[in-house]
Amino acid sequence: MEGTSEGDEPFIYRLNDNGTGPNLVVKVCAERGWRMYQGYNGSEEKWNIWWRSSAFPAACYKTLGDWQFMNHIPKGGSICRKDNLSRLLRCMRRIYGTIYDFTPPCYHLPLEYAKLVSECSRLRRDEGVAGSSVVWIFKPVAQSQGRGIFLFRSVCEMSCGTAAVVQRYIERPLLIAGYKFDLRLYVCVPSYRPLTAYLYAEGLARFGTDKYTLSDIHNPYRHLTNSSLNKTGPRFAECKDRIGNGCKWTLKQVRRALIGRWGAAEWLVWQRIRALVTLTLLAQAAGTPPARNCFEFYGFDVLLDDSLKPWLLEVNLSPALGTNCEADIIVKQPMLHELFDLLGLPMKHTGLSQLQGPPNTQVTSCSSEDESGTSKPVRTGGARRGLRWRRRRTLPVHCVNLQAPTNEKLTDTPGDGTVGRQFKISSDISTDSTDLQSTSSMATQSADNADETWRGGYATVATRRKIMNACSWGNGVRWDRAVGRVGQWVRIYPHLLPNEDQVPMEDARESVAHVSKFIRAAREVSRDSGGDAAIRDSARDSVFEAALRRKLQYGAHFEVWHPPF
């Protein structure tokens, strides 16, 4: 990397607890000039990024240094269990209405078994023969890669030996050449306080390897699109009609297949998917504490029905990074490189030896979640009164994030569409240490003197200091001034960054209102431009983007997301 001194130590990456991990991660890290962590026997603890498939223990966040990064956020995996996701979205729909109508009706077993039986009886009574042929899908809550999933029509056919969810099966999915498929989308959330989310423009479409039909609901290769399942199917290697061999496409291929049939509606569906992802993240944002130098990398599975309505199937905490086919290599390898660029991680050396950022004790002690995802009670009280137990209260829905003071040594370029790493640290800093530590001292001073009469009424100085410090990472990245695009990573939330003199508000109701406004504007653009069917390339996207910005009265800093042509 240019401007890096030879004395800098190498950037060290760590994989899980034993040094094993996805081969693609190892390859990308090697291409960036990083070195593998050698202290798995406990001899050392010097590492810069720790990539772990499962959640981290709470103690790991408490000892995180300015030069260290981890790929999970405390409590960031709540939406990755099927039952938790269903509860969160059900709650949000009760509050905000039909804007959250993008998941099928769902029942939690064994708790809601009686409700499921009652609903099946109601369908048979109200719809007669049609109601008795309704298809349901059974999904274990803690399984992945299609394990334990099956379809059934009658509750008598269902055998439940573990916690699971049962959903109404989407019986009319969108098909390509008769094959069912879903979309795997990659999402990065480097901050929940304030919420900052990026969606990768490219992705994967995963096909079933047998043609879809409801006459045979017990053949998983017709109905399940998990690639780990379909690669074992008898027709996986065959050259199937339009699909070819294998079971994966890129989103670029999907766009080309849809645009000739759907016209302007094809552009609209990507904007609806963007809104779906944002609304899902907002469902758990209120309960996620501020965490510094941590990010979350999700895999969203979305299904399109025959009217091009997107449905959320599930969210994966650690999406698969295997390279089983050409589409995997095309999508995943550049995605990981650009993910590390987005996070401001270097190409070769740390360059962080000059950093003296704010102390991490203000932020990293906020997690009360252990590796299994359960909250631990906190013991209070002295010996005389005995032991009292209380549960840590989650952060309120209405939170204020104070703007962190600007550090002149950290340069950033707010959402201007520039490709590449936007946040740099000077390697020849010659100022005294008081300037380098100004972030910590000024943050504490401004938080102590801040007016506590703010929205929600649950603020404390400590909480606001945590949120303010979490905005600024140890490598100089400021997520309250997040860049709009890095490579194909597009910022989908917030739509616009606040001005320098504004205090960004974390209000769930206002956030949902912004997403609702965005969806309405996208529908109007699609409807007004629907007659122009001759333009079917990137020029059409430019026209739609300009029209959408005019509708929303947003400037050029607002980024429109869609897969490439």
Side-chain angles (χ1 to χ4, degrees), residues 11-17 21 25 37 45 47-80 186-198 281 284-299 315-319 336 339-346 350 352 355 357-371 373 375 394-395 399 401 404 423 439 463 465-480 482-483 486 489 491 493 506:
F11 197 87
I12 306 298
Y13 70 94
R14 180 176 180 178
L15 295 178
N16 290 314
D17 295 326
V25 175
Y37 176 68
E45 285 296 328
W47 51 269
N48 295 105
I49 182 171
W50 190 353
W51 188 283
R52 205 166 187 263
S53 300
S54 58
F56 289 95
C60 294
Y61 297 102
K62 298 179 181 180
T63 59
L64 194 63
D66 289 334
W67 60 91
Q68 294 178 315
F69 308 88
M70 298 194 300
N71 70 320
H72 292 302
I73 294 176
K75 299 188 179 181
S78 299
I79 57 176
C80 298
Y186 298 100
V187 178
C188 176
V189 180
S191 173
Y192 273 101
R193 298 290 183 182
L195 177 60
T196 306
Y198 289 83
L281 296 174
Q284 79 160 6
T288 306
R292 186 167 172 265
N293 284 15
C294 302
F295 65 96
E296 204 68 75
F297 176 56
Y298 298 109
V315 182
N316 298 272
L317 181 65
S318 296
L336 282 179
L339 173 64
F340 295 142
D341 289 339
L342 170 68
L343 300 174
L345 304 184
T350 62
L352 301 180
L355 258 186
N360 60 336
T361 55
Q362 301 292 341
V363 189
T364 54
S365 60
C366 58
S367 174
S368 60
E369 183 182 70
D370 61 5
E371 186 173 346
S375 298
T394 59
L395 292 177
C399 290
N401 173 36
F423 305 93
T439 304
T463 300
R465 189 183 301 124
K466 290 176 184 178
I467 296 173
M468 184 164 56
N469 289 341
C471 295
S472 179
W473 278 17
N475 61 348
V477 178
R478 287 270 304 277
W479 295 114
D480 57 343
V483 65
V486 173
W489 285 103
R491 190 187 70 228
Y493 194 85
E506 291 189 334

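In this chain, residues are counted from 1 in sequence order.
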Which value, rounded to the nearest 0.5 Å, describes the distance between [X] atom [atom1] and [Y] atom [atom2]?
| X | Y | atom1 | atom2 | answer |
| --- | --- | --- | --- | --- |
| Tyr13 | Phe340 | OH | CZ | 10.0 Å |
| Ile79 | Leu317 | CD1 | CG | 9.0 Å |
| Asp341 | Leu336 | CG | CG | 11.0 Å |
| Leu195 | Tyr493 | CG | OH | 6.5 Å |
| Met70 | Glu296 | CE | CD | 10.5 Å |
| Asn293 | Tyr61 | CG | OH | 12.0 Å |

Between [X] and [Y] (side chain of the first, backbone of the second, donor and acceptor by atom type, cut-off under 3.5 Å), is there such a pair?
| X | Y | result |
| --- | --- | --- |
| Arg52 | Asn71 | no |
| Arg193 | Ala470 | no |
| Trp50 | Asn16 | yes |
| Ser191 | Trp479 | no |

Using the ring centroid of each side chain, check whether Phe69 and Trp473 are separated by less than 6.0 Å. yes

Which pair of non-hydrogen atoms, one from [X] and one from [Y], has the smallest distance, and what is that distance?
| X | Y | answer |
| --- | --- | --- |
| Leu339 | Cys188 | CD1-SG, 3.5 Å |
| Asn316 | Cys80 | C-SG, 3.9 Å |
| Ile73 | Thr288 | CG2-CG2, 3.8 Å |
| Leu343 | Asn475 | O-ND2, 3.0 Å |
| Tyr198 | Ala482 | OH-CB, 3.3 Å |
| Gly299 | Pro319 | N-CG, 3.7 Å |

Is there side-chain contact between [X] and [Y], with heavy atoms separated by less than 4.5 Å?
| X | Y | result |
| --- | --- | --- |
| Trp67 | Ile12 | no |
| Val477 | Leu342 | no |
| Ser318 | Ser54 | no |

Gln284: which residues meet the side-chain hydrogen bond (donor to acceptor under 3.5 Å, both in side chains) condition with it, sequence neighbours left out? Tyr192, Tyr298

Please test Val187 against Val315 for side chain to side chain contact (heavy atoms under 4.5 Å, CB included), starting from the C-alpha separation and ending with a verdict. CA-CA 10 Å; Val187 178; Val315 182; over 6 Å; no

